[in-house]
Protein chains: 2
Amino acid sequence: MALDNRKKEVLQAIVDDYVATCEPVGSKALIDRHDFMVSSATLRNDMAELEQMGYLEKPHTSAGRIPSDKGYREYVDSLMKVDHLSDEEGREIKEKLSMSFDEIAGLLKAASSTLADQTGYISLAMTPKLTSSYLTQLKMLMIEPGKVLVVVVLSAGVVKNRMVRIPDFLTQEQIAQISNAVEQGLSGLPLSEISLITVATAAKDNQKVELPESLLNQVLYEAYTAIKQADNLDVYMQGKHRMLSLPEFSDTKKAQGLFDTLSHDGLVAGYVDEVTKQDEKKEYMIRIGQEITLEGLDNCSFITTTYNVGGKVAGNIGVIGPKRMEYSKVISQINFVRMMLDEKLNQP
Amino acid sequence: MALDNRKKEVLQAIVDDYVATCEPVGSKALIDRHDFMVSSATLRNDMAELEQMGYLEKPHTSAGRIPSDKGYREYVDSLMKVDHLSDEEGREIKEKLSMSFDEIAGLLKAASSTLADQTGYISLAMTPKLTSSYLTQLKMLMIEPGKVLVVVVLSAGVVKNRMVRIPDFLTQEQIAQISNAVEQGLSGLPLSEISLITVATAAKDNQKVELPESLLNQVLYEAYTAIKQADNLDVYMQGKHRMLSLPEFSDTKKAQGLFDTLSHDGLVAGYVDEVTKQDEKKEYMIRIGQEITLEGLDNCSFITTTYNVGGKVAGNIGVIGPKRMEYSKVISQINFVRMMLDEKLNQP
DNA sequence: TTTAGCACTCTATCTTCTCGAGTGCTAAAC
DNA sequence: GTTTAGCACTCGAGAAGATAGAGTGCTAAA
């Protein structure tokens, strides 16, 4: 049975009210706050049906209704009104992101912090997925005998560095030569195609110094791990503690469950990745309550979207908030930040 | 009036019990749990006196006593028994820190995480104070035209890098020359003595390429900001959300106040710095309750100590927990981690 | 100085009670 | 068929009262 128009309006109104107050919504309160041209008894009938269909729930017999996960889902998919950011808000976001960031990490941190401030929820920004990007530079800098800083630069604008140990007696020149050889052999190659073997052949094809094989291999192995490590996603998350002021997390146990999960960057990043694949064609990936397979987030909703670098799908930004979230507002905020990122990351 | 021996024992026992249970301690409970050779009435008299002297407090008339800040202070300064880490614990800490870390940042992160795990409280690890360290290397790597990565290496083993923008048309060679000139001129110089002027004279004295003055200045300015930025302390903090399971933070408002303050790295770092100066000669800096001048930490205690790099006082590690903290245990844990850090940072 | 004894205090907890928002159902009205 | 008024019923939140018990301070004796 499909929802008739009035039922849609009722559901929408209930979600709106519940989001605003965090209190179960009753038929009378609904009449008071909205211009339904029918009586409360009629709404009661509609609400009973909506409940039977699974869109609403009752915390207990004689309370008002709250939206179920299915109810929120319907709301998000087809009921909510598109929200337009006020000029004021747009200006604020723009301002926070208008500084020039010379590294993508700085920009993402700023994006995450802006998003947390604007939404009041938990924000998330992840570095680009690097499997599709390629190596543009690799430099090895001798810091002191035996210690080399490997700097890896990727096409997506990501710069990572890692300190590695090498045998003490290798000279700056030898390292530089190896570094140049590897760089020449690998630059332009997608990260996914770089393996220990490709690193080794690249070096050996281009190398001009003679070094004992085993020694060379040792250095190459370190270079390889540095490159591979550049592949790691970094996750910037902010605004966690804001959740404590929400009534749904006034029980510290619930908050703790949430924070426990969120403290594992890898878990969250993996989940975002999975969701992004599932909803490949969608502009926003939205997961509500039980739909989220991360522990402790069943009272939350999770909205993410992707930003681009060089025309390719790159990384994700998103927001985690209570199920009772101002969906349309948050979506427009995320969208605005996304647009800003796209603009900044793709300008000449 | 000084504390006689029995009063000291009573205070000690009360602190121990309160730490263990988080419930006000009464005279009867005290008799039950400890082998005082006197009656509860005698203890009541002692407790009344201790209260009058300010070492104990009553939450309300007919409850037991809890230690006041002054009581904790006395306990920490002269009553508590030194705790020795069990072999098991020592082994665990050692294991977690035994990986080789090639950069100090990695080691500190691991130290912070170990400390949080072991104590169950909030842990803190700060990068070395760099004012007393000197520049050992400065490299400028051209990443793409107009973008240069400045790598700064300091004597304390700290490596920092920062991307800066320069005019597009400068070549790799020109940058390398400037970079070499600056490095030669500045290496060995304490950070505190490096100013825009010293950078400029260093470059000009050693420079072999001819570049228009204004252009050169622009590059030098960027180099200078990169060096100055290397001076920033990084703060690694972990285990925040563990505080939520403590009864003293079951009220989310209190937890929020705490988290709000802790989310400002700078505040915490500044406070640690101040305290370190105050207690210059002490092995541990301990601040209890109201002694802490950071907002929201009046229910906490704060214990820090310093680790060394190259024989000099360097950075801080520490723990923030409830006032009702297992002081001696925490101190021995911090101490163990500190020794591990010293060992790792000063080995050849 | 210590102790036994006792009256007193105050919180935490449990029960009971009431209030009121909200419900579902029925029968009449549209 | 849909909508509405009316009404009995439900159930949680919160107030009010009662009770228990851990703890106290004080007094007087050991």
Side-chain angles (χ1 to χ4, degrees), chain A residues 1-11 13-15 17-18 20-68 71 247-248 250-251, chain B residues 1-11 13-15 17-18 20-68 71 247-248 250-251:
Chain A
M1 169 173 27
L3 294 176
D4 63 40
N5 277 342
R6 200 183 52 221
K7 289 214 184 62
K8 284 184 186 170
E9 277 172 45
V10 171
L11 179 54
I14 290 177
V15 173
D17 280 14
Y18 185 66
T21 64
C22 194
E23 308 223 315
V25 184
S27 54
K28 200 116 179 258
L30 214 49
I31 292 278
D32 288 352
R33 270 193 290 247
H34 300 83
D35 298 333
F36 288 105
M37 305 310 296
V38 294
S39 76
S40 66
T42 311
L43 293 191
R44 271 204 294 284
N45 291 335
D46 286 347
M47 285 159 80
E49 281 190 58
L50 282 168
E51 185 184 350
Q52 225 191 341
M53 290 189 263
Y55 293 105
L56 295 178
E57 285 171 358
K58 271 191 292 200
H60 48 264
T61 332
S62 75
R65 306 300 211 293
I66 62 175
S68 67
E248 34 272 87
S250 65
D251 177 7
Chain B
M1 171 174 25
L3 294 176
D4 63 43
N5 277 341
R6 200 182 53 222
K7 288 215 184 63
K8 283 184 186 169
E9 277 172 45
V10 171
L11 179 54
I14 289 177
V15 173
D17 281 14
Y18 185 66
T21 64
C22 195
E23 308 223 315
V25 184
S27 53
K28 199 117 180 257
L30 213 50
I31 292 279
D32 288 351
R33 271 193 289 249
H34 300 83
D35 298 333
F36 287 105
M37 304 312 295
V38 294
S39 76
S40 66
T42 310
L43 292 191
R44 271 205 293 287
N45 290 335
D46 287 347
M47 286 159 80
E49 280 189 59
L50 282 167
E51 186 184 349
Q52 225 190 340
M53 289 190 264
Y55 294 104
L56 295 178
E57 285 170 358
K58 271 190 292 200
H60 47 262
T61 331
S62 76
R65 306 300 211 291
I66 62 174
S68 66
E248 34 271 87
S250 65
D251 176 7

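Order of the sequence lines fixes the chain letters, A, B, ..., with proteins taken first and strands second; residue numbering starts at 1 for each chain.
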For this session: Look up atom NZ in A:Lys7 and atom CG in A:Leu43, then write down how far apart they are to the nearest 0.5 Å.
Result: 11.0 Å

Exercise. How many angstroms lie between atom CZ of B:Arg65 and atom CG of B:Leu30, to the nearest 0.5 angstrom?
Worked result: 11.0 Å

Using nucleotides 11-16 of chain D, report all nitrogen or oxygen pairs with the protein that are shorter than 3.5 Å.
from   : atom 1 : to      : atom 2 : distance (Å)
D:dC11 : OP1    : A:Thr61 : OG1    : 3.3
D:dC11 : O4'    : A:Ser62 : OG     : 3.2
D:dC11 : O2     : A:Ser62 : OG     : 3.2

Exercise. Rounded to the Å, how far apart are B:Tyr18 OH and D:dA22 C1'?
Worked result: 16 Å

For this session: Measure the NZ-CG distance between B:Lys8 and B:Asn5 for me, rounded to the nearest 0.5 Å.
Result: 6.0 Å

Exercise. How far apart are the closest heavy atoms of B:Pro59 and B:Pro24, and which atoms are they?
Worked result: CG-CG, 3.8 Å

For this session: Can you tell me which residue pairs pass the salt bridge (charged side-chain N to carboxylate O under 4.0 Å, His left out) test with a partner in residues 32-47 of chain A, sequence neighbours excluded?
Result: A:Arg6-A:Asp46, A:Asp17-A:Arg33

Exercise. Of the non-hydrogen atoms in A:Pro67 and A:Val15, which two are nearest, and what is the gap between them?
Worked result: CG-CG2, 3.8 Å

Problem set entry | Atom pair CD/CG of B:Glu9 and B:Leu3 - distance to nearest 0.5 Å | 12.0 Å

Exercise. Of all nucleotides in DNA chain C with an atom under 4.0 Å from a non-hydrogen atom of chain A, which is the first and which the last going 5' to 3'?
Worked result: C:dG22 to C:dG24

Seminar exercise, completed: Secondary structure of DNA chain D per the Watson-Crick/G-U criterion (both distances under 3.5 Å; [ ] crossing, | other strand, . unpaired) is ||||||||||||||||||||||||||||||

Are there any protein N/O atoms within less than 3.5 Å of an N/O atom in nucleotides 1-4 of chain D, and if so, which ones and at what distance?
from  : atom 1 : to      : atom 2 : distance (Å)
D:dT3 : OP1    : A:Arg6  : NH1    : 3.0
D:dT3 : OP2    : A:Arg6  : NH2    : 3.3
D:dT4 : OP2    : A:Ser39 : N      : 2.7
D:dT4 : OP2    : A:Ser39 : OG     : 3.3
D:dT4 : OP2    : A:Thr42 : OG1    : 2.3
D:dT4 : O5'    : A:Ser39 : OG     : 3.4

Problem set entry | Gap between atoms CD and P, on B:Glu51 and D:dG23 respectively (whole Å) | 15 Å

Exercise. Minimum heavy-atom separation for A:Ala13 to A:Phe36, with atom names?
Worked result: CB-CZ, 4.0 Å

Problem set entry | Nearest-0.5 Å distance that lies between atom CG in B:Leu11 and atom CE in B:Met47 | 10.5 Å

Seminar exercise, completed: Distance col, row A:Ile31:CD1 vs A:Thr42:OG1, nearest 0.5 angstrom, shows 7.5 Å

Exercise. Would B:Tyr55 and B:Ile14 count as a side chain to side chain contact (heavy atoms under 4.5 Å, CB included) if you check the C-alpha gap in whole Å, the side-chain angles of each, and the deciding distance to 0.1 Å?
Worked result: CA-CA 10 Å; B:Tyr55 294 104; B:Ile14 289 177; over 6 Å; no

Problem set entry | Exercise: identify the closest heavy-atom pair between A:Pro247 and A:Cys22 | CG-SG, 3.6 Å

For this session: For B:Ser68, enumerate each residue passing the side chain to side chain donor-acceptor pair (under 3.5 Å) test, keeping only those at least two apart in sequence or located in another chain.
Result: none

